[in-house]
Amino acid sequence: MSSLKHWVFWPPFLFVLIASLISFTSKDTFTTITTGANDWVITNLGWLFSVAGLFMVMVCVGVYFSKLGKVRIGGENAKPLLSFRNWFAITLTTTIAAGITFWGIAEPIYHLVQPPESMGIEPNSPGAAIFSMSTMYLHWTITPYAIYCIPALMFAFAYYNMKKPFSIGSSLAPLFGDKVFGKWGKALDAVCLYTLALGMAAAMGTSILNLSGGMNYLFGLESSPTLWAVIAFVIMFTFIISASSGLMKGIRILSDINLKLFIFIILFIFVVGPTAYILNLGTESLGNYFTNFFEKSLFTGAAAGDPWPQWWTTFYWANWFSWAAITSLFLGRIAYGHTVRAFIMVNFVLPAIFGGIWMTIFGGTSIHMQMTEGTLGETLTNSGPEAVVYSVLATIPLAEIIIPLYLFIVFIAFVTAADSTVAAMGGISSTGITPESPEPGILIKIIWGVTISLVAWVMISFAQIDGIKMLSNLGGVPAVLLSIGTIIALIKVAKSPEKYDKTTQTHTEEGKRKAG
């Protein structure tokens with residue numbers, strides 16, 4: 001433990017345990033505090049999340065076509081750490097792929113049966129179907145990946161080309177210089193580590209509930225704290241083993257398996273599902289999404305007092321901003337040897353296209369079932385979103401094979417995401433992390449893995465998953481402010497990349513010495 005960054009590790013570690021203890025001993029107090037704070041943030045700062053998310057999309061496009069786009073991360077002679085396919089597979093499964101396996105089927109039903117009142121859309125109508133699908137594109141394609149892409153790109157350039165430390169503060173170095181690596185830098189790392197630990201526990205809790213729903217459907221096992229504990233242990237054991245094996249083994253192998261399974265189940269559902277309806281609804285909804293892109297992106301519901309955007313869009317943006325801060329360290333680290341344009345393609349363009357395809361097929365299938373049979377809305381109300389997932393999958397041909405395969409995909413998707421996240425958390429908690437020695441110690445990975453698993457189980461058993469989701473959502477406030485600073489820093493670098501790129505400066509100096 002001699003390599004531990006004590007002022008970065010201990011405050012978030014202890015606060016996470018305290019939050020878990022409060023939920024265990026006083027559920028009502030925990031819920032009251034988190035609900036009040038969360039409501040204040042969403043109500044008063046919802047506009048900031050929406051504007052920042054839209055601005056990040058614009059910056060992604062701008063940087064792609066700027067002269068920074070031609071710069072190679074790590075310098076002109078840097079050799080890629082990963083192949084293009086492995087890089088894309090890891091990036092995809094590290095970010096929101098674990099979420100789409102659950103919400104891709106369940107979320108469309110929410111929007112179909114409960115569209116925003118202020119829009120005057122009749123529930124379960126054709127207009128609601130188009131709104132539902134276009135909203136899935138909003139929540140799971142372009143904007144979320146822009147939120148991940150910008151901080152990850154800025155960190156990659158700062159870490160490899162500017163030769164800055166493995167710290168979130170490095171992304172702000174173009175604005176504040178090395179001043180950002182003092183006490184403020186440590187505080188920034190600690191806050192982001194705390195919010196990510198809670199966010200990851202929330203995601204793990206969702207995955208546990210998703211898997212327990214499948215176990216209940218397949219084997220009749222009661223979805224209870226005992227079953228949740230068993231599932232949490234299996235997930236924890238798997239991703240700790242994977243994370244301990246290092247990037248080139250565990251994460252690379254699991255993400256490659258994950259990508260192949262994703263492609264297989266996408267093609268299978270597309271072929272055996274309501275193919276014509278999926279294509280037609282997807283085409284119409286995509287047109288609606290692009291036509292109303294700015295309106296949908298900036299919809300706050302304030303004029304009509306409509307809380308729908310706060311429940312959904314703003315909540316998503318706040319949560320992903322809090323995740324993106326530390327996830328950027330991992331995504332930036334694995335980009336070595338690739339150009340900035342390739343980075344934007346792998347971290348923004350291709351995942352957004354993948355998310356759109358997934359939502360079109362799985363969301364279209366669940367919308368079709370609700371529109372023709374009208375049963376999923378009742379299932380959602382009576383049994384929850386996890387029951388909707390398996391109600392839809394049960395209608396698919398070869399469901400007895402597809403459902404276990406789907407459960408395996410859910411499991412592998414979260415394990416891969418947790419694997420990379422634990423690696424980033426371990427790295428930011430440790431000293432001595434460099435491009436030459438990128439892996440944190442095994443012990444710190446185990447500590448974070450066990451802690452997150454324990455917190456996830458305690459939260460869903462005693463405070464329910466909504467409590468920790470709201471708590472993790474509060475991390476979006478410092479994270480969005482950090483992201484705004486990162487946007488400004490990246491724009492500054494994009495205008496004059498040669499001014500900040502030490503790899504080209506070193507290359508020029510060596511050339512002058514040889515010429516002399």
Side-chain angles (χ1 to χ4, degrees), residues 88-112 132-149 199-200 202-211 213-214 254-255 257-270 273 278 282 285-286 289 312-313 315-317 319-320 323-324 327 331 346-367 385-386 388-390 392-393 396 402-403 405-418 420-421 465 469:
F88 172 64
I90 292 174
T91 298
L92 181 69
T93 51
T94 296
T95 48
I96 60 177
I100 65 176
T101 59
F102 183 73
W103 293 110
I105 296 176
E107 185 183 332
I109 306 304
Y110 279 100
H111 306 320
L112 186 59
S132 178
M133 181 61 80
S134 63
T135 298
M136 297 306 291
Y137 295 147
L138 174 69
H139 290 168
W140 296 95
T141 60
I142 294 174
T143 306
Y145 281 107
I147 291 173
Y148 279 104
C149 183
M200 185 178 168
M204 184 172 180
T206 304
S207 295
I208 290 171
L209 292 176
N210 193 359
L211 290 168
L254 287 176
S255 62
I257 294 172
N258 214 350
L259 182 60
K260 291 176 180 177
L261 291 175
F262 274 149
I263 294 173
F264 169 78
I265 199 164
I266 281 175
L267 293 175
F268 182 83
I269 300 297
F270 177 72
I278 287 171
S285 300
L286 189 63
Y289 169 59
W312 288 102
T313 307
F315 182 88
Y316 273 137
W317 293 174
N319 201 259
W320 280 325
W323 270 72
T327 306
L331 295 176
V346 166
N347 287 268
F348 174 58
V349 178
L350 294 180
I353 292 173
F354 177 89
I357 293 172
W358 182 282
M359 292 305 160
T360 301
I361 294 172
F362 284 87
T365 300
S366 63
I367 290 172
E386 65 271 19
V388 171
V389 173
Y390 296 102
V392 173
L393 293 177
I396 300 297
I402 294 301
I403 290 179
L405 177 63
Y406 171 82
L407 284 173
F408 183 70
I409 291 174
V410 172
F411 178 77
I412 293 295
F414 181 77
V415 165
T416 310
S420 56
T421 305
I465 197 65
K469 277 187 174 180

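Please read all numbers here as calculations on a predicted model, not as lab measurements.
- Within 6.0 Å of the CZ atom in Phe408, the count of heavy atoms belonging to other residues, nucleotides or ligands does not exceed 12.
- Checked against the 6.0 Å centroid criterion, the rings of Tyr148 and Trp323 do not qualify as a close aromatic pair.
- Residues Ile147 and Thr143 are in side-chain contact: their nearest non-hydrogen atoms beyond the backbone lie under 4.5 Å apart.
- For Phe348 against Cys149, the heavy-atom pair with the smallest separation is CB-SG, 4.0 Å.
- Between Tyr316 and Trp140, the ring planes are perpendicular. Angles over 60° get that label, and only those under 30° would be called parallel.
- Here CD1 of Ile105 is found 7.0 Å from OG of Ser366. Values are rounded to the nearest 0.5 Å.
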side-chain contact (heavy atoms from CB on, under 4.5 Å) for Leu405 and Leu261? Distances and angles first, verdict last. CA-CA 8 Å; Leu405 177 63; Leu261 291 175; 3.8 Å; yes

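- Taking every heavy atom of both residues into account, Thr313 and His139 meet most closely at OG1-NE2, 2.8 Å.
- Proximity of a side-chain donor or acceptor of Thr95 to a complementary backbone N or O of Thr91 within less than 3.5 Å is detected.
- Ser285 approaches Ser134 most closely through the heavy-atom pair O-CB, 3.6 Å.
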Tell me which donor-acceptor pairs under 3.5 Å the side chains of residues 411-418 have, and how far apart each pair is, sequence neighbours excluded?
| from | atom 1 | to | atom 2 | distance (Å) |
| --- | --- | --- | --- | --- |
| Thr416 | OG1 | Ile412 | O | 2.7 |

Report the C-alpha separation of Trp312 and His111 in whole Å, then their side-chain angles, then the decisive distance to 0.1 Å, and conclude whether the ring-ring contact (aromatic ring centres under 6.0 Å, His included) test is met. CA-CA 10 Å; Trp312 288 102; His111 306 320; 4.7 Å; yes

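- Contact annotation: the side chain of Thr365 approaches that of Val392 to within less than 4.5 Å [non-hydrogen atoms, C-beta and beyond].
- Here the closest non-hydrogen pair linking Ala352 and Tyr145 is N-CD1, 3.8 Å.
- Heavy atoms only, all atoms of each residue included: Leu407 and Gly214 are closest at CD2-CA, 3.8 Å.
- Here the straight-line distance linking atom OG of Ser132 with atom CE of Met359 works out to 10.5 Å at 0.5 Å rounding.
- Between Trp320 and Trp317, the ring planes are tilted. Angles from 30° to 60° get that label.
- The line from CD1 of Ile367 to OG1 of Thr360 is 9.5 Å long, rounded to the nearest 0.5 Å.
- A pairwise comparison of heavy atoms in Thr141 and Gly355 identifies CG2-C, 3.9 Å as the closest pair.
- Between Ile396 atom CD1 and Ile265 atom CD1 the span is 9.0 Å, to the nearest 0.5 Å.
- Remark: Ile269 CD1 to Ile402 CD1 distance equals 5.5 Å, nearest 0.5 Å.
- Considering only heavy atoms from C-beta on, Trp358 stays 4.5 Å or farther from Ile353 through its side chain.
- To the nearest 0.5 Å, the span separating CG on Leu331 from OG on Ser420 amounts to 7.5 Å.
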So Phe102 and Val410, side-chain contact (heavy atoms from CB on, under 4.5 Å) or not? Walk me through it. CA-CA 8 Å; Phe102 183 73; Val410 172; over 6 Å; no

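- Partner Phe262 forms a ring-ring contact (aromatic ring centres under 6.0 Å, His included) with one of Phe354, Phe88, Phe362, Tyr406 and no other, that one being Phe354.
- Considering Asn258, Ile100, Leu259 in turn, Leu259 is the only one that fulfils the side-chain contact (heavy atoms from CB on, under 4.5 Å) rule with Leu92.
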